[in-house]
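Step one of this worksheet: look at the structure below.
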Amino acid sequence: MNRVTDTLGRALARYLQKRTSGYLAYAVTPIPQLRSTLRPADILLVEGDTRISAAIKYLTTSTWSHAAFFLGDPDGRVLVEADIQHGVRYAGLEDYAHLNTRICRPVGLNDADRHRVIAFMRAAVGKTYDLKNFLDLARYLLPQPPVPHRWRRRMLALGSGDPTRAICSTLIAEAFQHVNYPILPELVPDPNDPAGREFLHIRDHSLFVPRDFDLSPYFAVVKPAIAEGFDYRALRWDGAPPDTPPLSPLSRPG
């Protein structure tokens, strides 16, 4: 029975990883620019173009369906990601050359904790998913499952737990919580504080989704085009002569 369910799980994982048609890459960052901007412990959010990506984007009401962790190794092992077919593995930036991405950077993370987070992610490489639990993967078969909005995030955390970690954000969240770095902690009233102050409560890492790093007040959004020094006056627009100077406020018609 295990052999049958494992075979079904692998077939389903391959199906979910197939690309969908109609993906629009509005703002793809060139790989050299992406590589020069990223720093170790940065998170690369990805707008995926696969069947499972469509379901995750719907369930999380977000553009981002995948998260990868940046190591910055010069030997090409620059990212750690979780994949439903191959488990936790190293990946290259070239894997996302055709996709919209966003960089989220932890603010104020000291060097010691940065190394601990990186070591946590390295240690996770090689972990695989128990694809015998193929029913857990079936939740992603419908790009827009008929699930009420308030239940969608919980739907991602149902089941055995292994296929849930196909969303690499859960593994990354676990790594940062390992050093008590906040992502989106809950504010809980302190019953013993007469001033009514609150303290932070860590959420279960299995409930984190890629967009949480985008929403987090503790991660900075870094856009390579701006980080490298953006000058809108240097842009060349379609139809304009190559040496046309920008219009000054006084020379604009009307």
Side-chain angles (χ1 to χ4, degrees), residues 34 37-48 56-57 59-73 78-82 88 91 96 100-125 127 149-158 161-162 164-224 226-227:
L34 199 60
T37 305
L38 282 161
R39 300 289 180 267
D42 281 357
I43 298 166
L44 185 67
L45 301 183
V46 181
E47 183 185 36
I56 291 173
K57 284 187 282 188
L59 290 170
T60 61
T61 61
S62 171
T63 296
W64 313 113
S65 62
H66 185 61
F69 182 87
F70 185 72
L71 295 172
D73 286 3
V78 295
L79 297 171
V80 174
E81 67 169 11
V88 183
Y96 307 118
N100 300 320
T101 57
R102 171 164 292 172
I103 298 171
C104 292
R105 179 168 298 162
V107 176
L109 185 67
N110 64 45
D111 288 341
D113 284 343
R114 187 185 314 277
H115 291 318
R116 291 175 64 194
V117 172
I118 291 173
F120 187 100
M121 294 299 294
R122 287 188 189 279
V125 172
K127 292 183 177 180
H149 187 279
R150 65 183 182 277
W151 294 348
R152 290 179 189 175
R153 183 183 290 250
R154 288 285 177 178
M155 182 179 176
L156 294 173
L158 294 173
D162 271 344
T164 299
R165 295 182 73 176
I167 309 172
C168 195
S169 52
T170 63
L171 177 63
I172 296 173
E174 191 176 4
F176 278 100
Q177 290 183 346
H178 182 63
V179 299
N180 288 326
Y181 190 90
I183 303 169
L184 279 179
E186 296 176 316
L187 287 174
V188 180
D190 185 349
N192 300 317
D193 190 339
R197 288 177 294 186
E198 299 172 314
F199 58 86
L200 299 179
H201 173 72
I202 295 178
R203 298 174 189 264
D204 190 287
H205 65 268
S206 67
L207 296 177
F208 280 96
V209 296
R211 79 164 187 170
D212 290 338
F213 297 100
D214 193 7
L215 294 176
S216 173
Y218 311 109
F219 284 78
V221 172
V222 181
K223 298 187 177 183
I226 297 175

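Note that this is a predicted model, so its numbers are computed, not measured. Quick note: numbers below take in every heavy atom, side chains included, and nothing from hydrogens, waters or symmetry partners.
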Student check: side-chain heavy atoms of Tyr96 and Leu34 closer than 4.5 Å = no
For Asp42, the side chain to side chain donor-acceptor pair (under 3.5 Å) test, sequence neighbours excluded, returns Arg105
Test log, rule side-chain contact (heavy atoms from CB on, under 4.5 Å), inputs Ile172 and Met121 = CA-CA 7 Å; Ile172 296 173; Met121 294 299 294; 3.9 Å; yes
Before giving the answer on side-chain contact (heavy atoms from CB on, under 4.5 Å), spell out for Phe208 and Phe176 the whole-Å C-alpha distance, their side-chain angles and the decisive distance to 0.1 Å.
-> CA-CA 12 Å; Phe208 280 96; Phe176 278 100; over 6 Å; no
Donor-acceptor pair, side chain of Ser65 and main chain of Lys57, under 3.5 angstrom | no
Compare all side-chain heavy atoms of Ile56 with those of Val209 and state whether any distance is below 4.5 angstrom.
-> no
Is there side-chain contact between Trp64 and Ile43, with at least one heavy-atom pair below 4.5 Å?
-> no
Could you tell me the separation between the OG1 atom of Thr37 and the CG atom of Leu44, rounded to the nearest 0.5 Å?
-> 11.0 Å
When rounded to the nearest 0.5 angstrom, what is the spacing between CZ in Phe213 and CD1 in Ile183?
-> 4.0 Å
In chain order, what residues pass the side chain to side chain donor-acceptor pair (under 3.5 Å) check against Asp113, with sequence neighbours excluded?
-> Arg116
Are the aromatic rings of Phe120 and Phe69 close, with centres under 6.0 Å apart?
-> no
Is Pro40 close to Ile118 at the side-chain level, that is, under 4.5 Å between some pair of heavy atoms?
-> yes
